[in-house]
Amino acid sequence: MKVTLWGVRGSVPVPGPATVRYGGNTPCIEVVGASGEYIILDVGTGAHALGRDLLSRPPLPSPIHLFISHTHWDHIQGFPFFAPCYVPGVTVHVRGPVHFHQHRQLRDVFDQQMQFEFFPISNSQLAATITYESLAETSLSVGSLTVTTQFMNHSVQCLGYRICEQNRTMVYTGDHEPYYNVFVDGADPLDDPLVGDAGAMVDRATERFLSFLSGADLVIIDCQYTPTEYPVKKRTWGHSSWDYCLTWMQQAAVRCMVLTHHDPLRSDDALDAMTQDIHRAAAERGIDPDMVLIAREGMELSL
Amino acid sequence: MNNTTVSYQTALPSDIQAAAHDIPSVSPLLGKIHRMSQEMETSPRDMVKIIMLDPTLTAQVLRLVNSSFYGLAQRVSSLAQAVVLLGMNTVKNIAVSTALLNTMSLLERCSPLRPESFWRHCLGTALACKTLGTGQETAELLFVAGMLHDIGKILFIRLDPDRYGKAIRESRLFGVCLYFAEQALFGCTHMQAGAFLAHAWNFDAPLIEAIEHHHATGSRSAPYVAVANNFCKESSIGDSGNIVVEEHAASVALQLGLRDKLTQQLAASITDEIMQAAAFLCQPQEHSRL
Ligand SMILES: [Zn+2]
Ligand SMILES: [Zn+2]
């Protein structure tokens, strides 16, 4: 598997002098299997450059398997700008979760962002053959690759993807916040029978998450926040901080971790400083700092 | 149990009383759940409490969480666990749509009336009630009162759809309110039957009262329901079976200072909300199979 990062920024694209080194585009990851299986994880604004790059090195891969972690803007906004969608003869399979709301299917969400108020070309006018499939927790094959999904903890239904090729495994979490006890606020002991042992439920959910990462060679993970930002200001916002990522890396015996979905306010310099903090903390915990990478646009990883 | 309850309970014909026991219950928490869907600040704890107060709804939510829609390999056995695992928004959305769906499926069984039109009438009245009562502490109650004010008609229809069809025809023929024809053919009115049903479902006294007095001036919520009911009729929102526009509703509206609120704009926004709700409820089989 060859993995290339085309967008590493969370929430909103932030081009500009402060983000030239790490990049300002929102999530988009290209995964190419040994037999040419072609997968894209999320189509944030990074998909624009990826599409142009694909056009410049024909022939275009087909089918293109697009897996969407969730339908928040930063993860789908590059779709209308992904050039292969406009090329006749190309097939794009779009798969991802839909939230239980007004019973929209994945296709409806994609149609919606291309309604005429938002975009001049409607989804049905795209020249490529595009199919949609709403995904739940499941497992499926793409050529010789096995793709397994699991729900993450985010404000909307979000799937993580675990991709295995022979004995090589990578995981992309999409957006994920550590599971936590949502019932602690204003605790009334009389309610306890109602809620039950929420602490144990959180532990079980976390274990399930860890088993999804377990033994992976590469995990690309949401790490929007620092340990000082997360518990105070950003709880319930649906993202993780790097101290959690390091803990999970050890607990799930992950070989290499790539921290991504950078906060839009994090400048290149701030990311450099954060990297030092992370590497120091990793070393203290006995993790090889070289195995903890900070995602950067254009980063290529082989496994 | 209060005195009003006793009075209509004894007055109700026995066949009506018997029919009331066959009707599946509507969530008594419909109003709370509806409000929860509109507000951001419900805490996870409060949400779980609200849903758990209705065991049927709780079971339905858990069944859906464990369905193929989520495909979870792991069994979710409690609402709290569902909230931890799938998030507050998910559980909220499921509960709200399930509660509304339950209500609709109940209203659907009214053959002499077009089910969809009748549902529109009920929802339209509920939405009008809520808007008219804005700022009232009882806005939540008003919504449910509007939604369920005609629930007594369902009792009649379940008991004898043909006879109810006859009641509708006769009221139209003679230009009288439908409840006169009901009284003649069923021995009581849909207000009485509805209040009886609401009591059997353990609804709160104010809600029972609103259902019982929605064609009179009444007190508390009842006059709002009366005005909203009439407004929907005048604005051709849905069909309650009753085409007679009631004079007294106009004076009630005046008394409550609601007359300026009864605009075409209100009718348009209600129609719009009904359309959205209809879209919300028109679900693929997988999701409505609860
Ligand atoms: Zn995101
Ligand atoms: Zn997100």
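Only this structure's heavy atoms are used, side chains among them; waters, hydrogens and symmetry mates stay out. Not measured: the values here are computed from a predicted model.
The neighbour count for A:Q115 CD, taken as heavy atoms of other residues, nucleotides or ligands under 6.0 Å away, is above 12.
Among B:V83, B:N89, B:L79, the residue making the largest number of heavy-atom pairs under 4.5 Å with chain A is B:N89. Most heavy-atom pairs under 4.5 Å with chain B, from the set A:C158, A:P97, A:A136: that is A:A136.
Note on A:E229 versus A:K234: no salt bridge recorded, every NZ/NE/NH1/NH2 to OD/OE distance being 4.0 Å or above.
Between A:F67 and A:Y161, a ring centre-to-centre spacing shorter than 6.0 Å is recorded.
In this structure, A:R95 fails the cation-pi test against A:Y132, since its NZ or CZ atom is not both closer than 6.0 Å to the six-membered ring centre and inside 45 degrees of the ring normal.
Heavy atoms closer than 4.5 Å to chain A are found in both the backbone and the side chain of B:T90.
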